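Here's the structure we're looking at; comments come further down.
Quick note on labels: first sequence line is chain A, next is B, and so on, each numbered from 1. When reading the values below, keep in mind they use all heavy atoms of this one structure, side chains included, and skip hydrogens, waters and symmetry mates. Worth saying up front: this structure is predicted, and the values here are computed from it rather than measured.
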Number of protein chains: 2
Amino acid sequence: MKAPRPRLRDVAQAAQTSTKTASRVINGDERVSASTRARVEQAVQDLGYRPDPLARSLRLGQDETIGVVVDEVGDPFFASVIGEIERMALDRGISVIIASTRRLAERERIVLDGLLQRRVAGLIIASISDNHAYLRTSPCPLVFIDRAAADLAADAVVVDDRGGARMAVEHLMRHGHRRIAYIGDRLDTATARSRLTGYRDALDAAGIAPDDALIAEVEPAKGDAGVAAETLLRLQDPPTAIFSANTRCSLGTLPTVHRLRRTDIGFVSFGDFAMADTITPAITIVDHSPELIGRLAAERLFSRLAGEEPPVETIFAPLRVVPRGSGELGPL
Amino acid sequence: MKAPRPRLRDVAQAAQTSTKTASRVINGDERVSASTRARVEQAVQDLGYRPDPLARSLRLGQDETIGVVVDEVGDPFFASVIGEIERMALDRGISVIIASTRRLAERERIVLDGLLQRRVAGLIIASISDNHAYLRTSPCPLVFIDRAAADLAADAVVVDDRGGARMAVEHLMRHGHRRIAYIGDRLDTATARSRLTGYRDALDAAGIAPDDALIAEVEPAKGDAGVAAETLLRLQDPPTAIFSANTRCSLGTLPTVHRLRRTDIGFVSFGDFAMADTITPAITIVDHSPELIGRLAAERLFSRLAGEEPPVETIFAPLRVVPRGSGELGPL
DNA sequence: CTGTTAGCGCTTTCAA
DNA sequence: TTGAAAGCGCTAACAG
């Protein structure tokens, strides 16, 4: 009793025309007479015809799907980025396949390979790897986010990591801090390296000698950030302020800061997070706007998918310090 | 100069056999002679052949992809659920397409339709709609999460919303509260209704007459929760405690509670969130474990995809109160 | 403006 | 055990 889904052929038959003409109508080809068009449209209605995206993709050699590859879907920053991309994609009837690298270059490779194999129409990538040779001949447009690809001429939407970190640290210095700790990711990404460089820039400019004891490179996924914070705060000559180079580090560090009742310390986070404005003191951040990054990346990708060919570009999303309290505390 | 990707035919040719035999080898069919198999495998190696998933799906009438439909990807609860599902899927070489309903039944319909059209192998759905008639003849297995489908015999992974809400409110009562406010979603989902019912259950059992002035049904996406909290706290006869029926409501309510300096109030949140343990007082929650829900849902779906046919079941993920401070404050 | 034919890359009869 | 041919549903050529 169950009717099989109608095929284009059925529509054509019902409309007394050929499949190709029916196809034309469905794809909005102008060169069809009004009457034929009407008949086909009627048939589509009557039969409840819906084109099969799989067949279409196979024929076209390309899927109406984009891939988004990030560190981890559960990461609040990437969750927001993805949310925005998905929102924009859905409005265009494009599906989004997501995949996480878990910050493993090897896994990134596998995931991208699979996506390419599927012939996704485009890819938005927060790459953890520094070797993109296999993407050089990518059959689809690529937009990198958060981290530009150093070895590939591809669009990217990033922030000025170095400048932002410097802003953060200078903000703390402006409030009297001179002994400022750095907690950030291991230096296996350019992003992490740039932020550390920005930190050093700020110290340099102020004529402060950097102290390696104040620099913690951690694996935030493992909860190392909290441990690092405790170590820092228990130093003989502890910092009066902490600059946390990303959201995950902030999320790891703050529970420790609070547990040790050291909320008197200066604190600036590169990247916002839920409740940052509600905890006491509220956390001063360098605003990162994941939604904006998602939107810029998606716009760029869609414009390429639409056939536009703007020059390859690295777009810098704006960055600003949002003072909320923790960054304005003076030393002692 | 660019070599087109090798097709099955090329492999067959190189192995001096037919496409069908090559196909058999690739799909692990036993009925191939060892020597032929070896030749084919060699050819696959040499050519770097990778089967085209699109063509495969078209032929098989099914895609090695599952769809996950949630309210909003950026919602921390769903972000974690998705993260876990994606993790499990990737281990099996299955892709995950995600889509948000933004809590719009109409949009849910469109999104599911698109996914079905794509012939996804299975679907995990946090449904906002209460009409699933069009899914009754779904060609693929369905697992509902967070909210079971009342009008459909399908697997579901949920929590005991009613019991959990009751637990939360009773926890507050155990600490002396009798005037307890409820802030939750509009009652357009069974989940919201059950949680409100659980709230009423607890009051009933304690012989407390419910006061409608203490019940706020809000649209958390719109920031209504904060407004509702302010209204509640400014009542003539204000509540001494608030039960927030979900994470989004908590995230909306707490900034207001803090802004009004009413952190003396009792507070329990249905659902955990970042920093809940760090703000002062730390927030007592009913733990919800999104990862577990994601895992259970994915396991169930994959077992059906593997051809197992366990009886349709609604699985209840465990729930427990995690006391952290805010729920243990007494009145006044 | 329209239709026929071929074929995307794969798997599946069914016969050898 | 193997292979030829058909076809999943669609669209691009190209002729009419």
Side-chain angles (χ1 to χ4, degrees), chain A residues 3-41 43-44 47-65 93 114 116-121 139-140, chain B residues 3-41 43-44 47-65 93 114 116-121 139-140:
Chain A
R5 63 195 267 168
R7 296 166 304 170
L8 187 57
R9 181 195 300 169
D10 303 320
V11 172
Q13 202 160 8
Q16 306 185 61
T17 178
S18 70
T19 57
K20 180 54 194 160
T21 302
S23 169
R24 285 201 182 94
V25 172
I26 284 153
N27 291 295
D29 191 319
E30 293 298 317
R31 301 169 310 177
V32 178
S33 73
S35 73
T36 311
R37 155 162 293 124
R39 266 183 295 127
V40 171
E41 280 166 351
V44 167
L47 276 58
Y49 171 78
R50 306 282 315 272
D52 181 330
L54 242 38
R56 187 166 209 285
S57 298
L58 177 60
R59 180 65 244 226
L60 260 28
Q62 185 169 278
D63 200 352
E64 283 261 289
T65 299
L116 254 15
Q117 211 63 37
R118 287 192 81 83
R119 314 228 188 122
V120 290
C140 71
Chain B
R5 64 194 268 166
R7 296 166 305 168
L8 187 57
R9 180 194 300 170
D10 303 321
V11 172
Q13 202 160 8
Q16 306 184 61
T17 178
S18 71
T19 57
K20 178 54 195 163
T21 302
S23 169
R24 284 201 182 93
V25 172
I26 283 154
N27 291 296
D29 192 319
E30 292 299 317
R31 302 168 309 179
V32 178
S33 74
S35 73
T36 310
R37 153 161 296 125
R39 265 182 294 127
V40 172
E41 280 165 352
V44 167
L47 275 57
Y49 172 78
R50 305 281 316 272
D52 181 330
L54 241 39
R56 195 186 155 75
S57 299
L58 176 60
R59 183 65 245 228
L60 261 29
Q62 187 169 276
D63 200 353
E64 283 260 289
T65 300
L116 254 15
Q117 211 64 36
R118 288 193 81 82
R119 313 228 189 122
V120 291
C140 73

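Rounded to whole angstrom, the span from the CG atom of B:D63 across to the P atom of C:dT11 amounts to 14 Å. Across the protein-nucleic acid pair, A:L60 atom CG and D:dC10 atom P stand 12 Å apart, rounded to whole Å. Put simply, CD1 on B:I26 is 11 Å from C1' on C:dG9, counting in whole angstrom units. The CZ atom of B:R9 sits 10 Å away from the C1' atom of C:dC8 (whole-angstrom rounding). For the pair B:L8 CG and C:dT12 C1', the computed distance is 13 Å after rounding to whole Å. Separating the CG atom of B:L58 from the C1' atom of C:dT12 is a distance of 13 Å, rounded to the nearest angstrom. The CG-P distance, from A:L54 to C:dG9, rounds to 14 Å in whole Å. Between A:Q62 atom CD and D:dT11 atom P there is a gap of 14 Å when expressed in whole angstrom units.
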- Residues B:D29, B:K20; criterion salt bridge (charged side-chain N to carboxylate O under 4.0 Å, His left out); working and verdict: CA-CA 11 Å; B:D29 192 319; B:K20 178 54 195 163; 5.7 Å; no
| message | If you apply the rule side-chain hydrogen bond (donor to acceptor under 3.5 Å, both in side chains), what do you find for B:T65 with A:R118, and how did you get there? | response | CA-CA 11 Å; B:T65 300; A:R118 287 192 81 83; 2.9 Å; yes
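Each of B:S35 and B:R59 lies near DNA chain D, and the nucleotide nearest B:S35 is the one positioned closer to the 5' end.
Residue A:T21 places at least one side-chain N or O closer than 4.0 Å to OP1 or OP2 of C:dG3. Proximity of B:S57 to the phosphate of C:dC10: no side-chain N or O atom is located under 4.0 Å from OP1 or OP2. Checking the phosphate oxygens (OP1, OP2) of D:dG9, a side-chain nitrogen or oxygen of A:R7 falls inside 4.0 Å. Put simply, B:T36 has a side-chain N or O that comes within less than 4.0 Å of OP1 or OP2 on D:dT2. The side chain of A:S23 places an N or O atom within less than 4.0 Å of a non-bridging phosphate oxygen (OP1 or OP2) of D:dT11. Regarding contacts with the backbone of D:dT11, a side-chain N or O of A:R56 is found under 4.0 angstrom from either OP1 or OP2. Look at B:S33 and you'll find a side-chain N or O under 4.0 angstrom from OP1 or OP2 of D:dT2. Using a 4.0 Å cut-off, some side-chain N or O of A:K20 falls inside it from OP1 or OP2 of D:dA12.
The backbone N or O of B:T19 lies less than 3.5 Å from no partner atom in the side chain of B:S23, so there is not a single donor-acceptor pair. The main-chain N or O of A:D63 is never found under 3.5 Å from a side-chain atom of A:R119 such that the two would form a donor-acceptor pair.
One finds no salt bridge joining B:R59 and B:D52 here, because no Lys/Arg side-chain nitrogen approaches an Asp/Glu carboxylate oxygen to under 4.0 Å.
Comparing D:dG9, C:dG3, C:dG9 by their closest approach to the side chain of B:Y49 singles out C:dG9. Closest approach to the A:R31 side chain among C:dC10, D:dA5, C:dC1 is made by C:dC1 (side chain taken as heavy atoms from C-beta onward).
Within the nucleic acid shown, A:R119 comes within 4.0 Å of sugar-phosphate atoms alone, with no base atom in reach, counting heavy atoms only.
Scanning atom types as modelled, one donor and one acceptor separated by under 3.5 angstrom connect the side chain of B:R24 and the base of D:dG3.
The shortest non-hydrogen separation linking A:V11 to A:A22 is CG1-CB, 4.4 Å.
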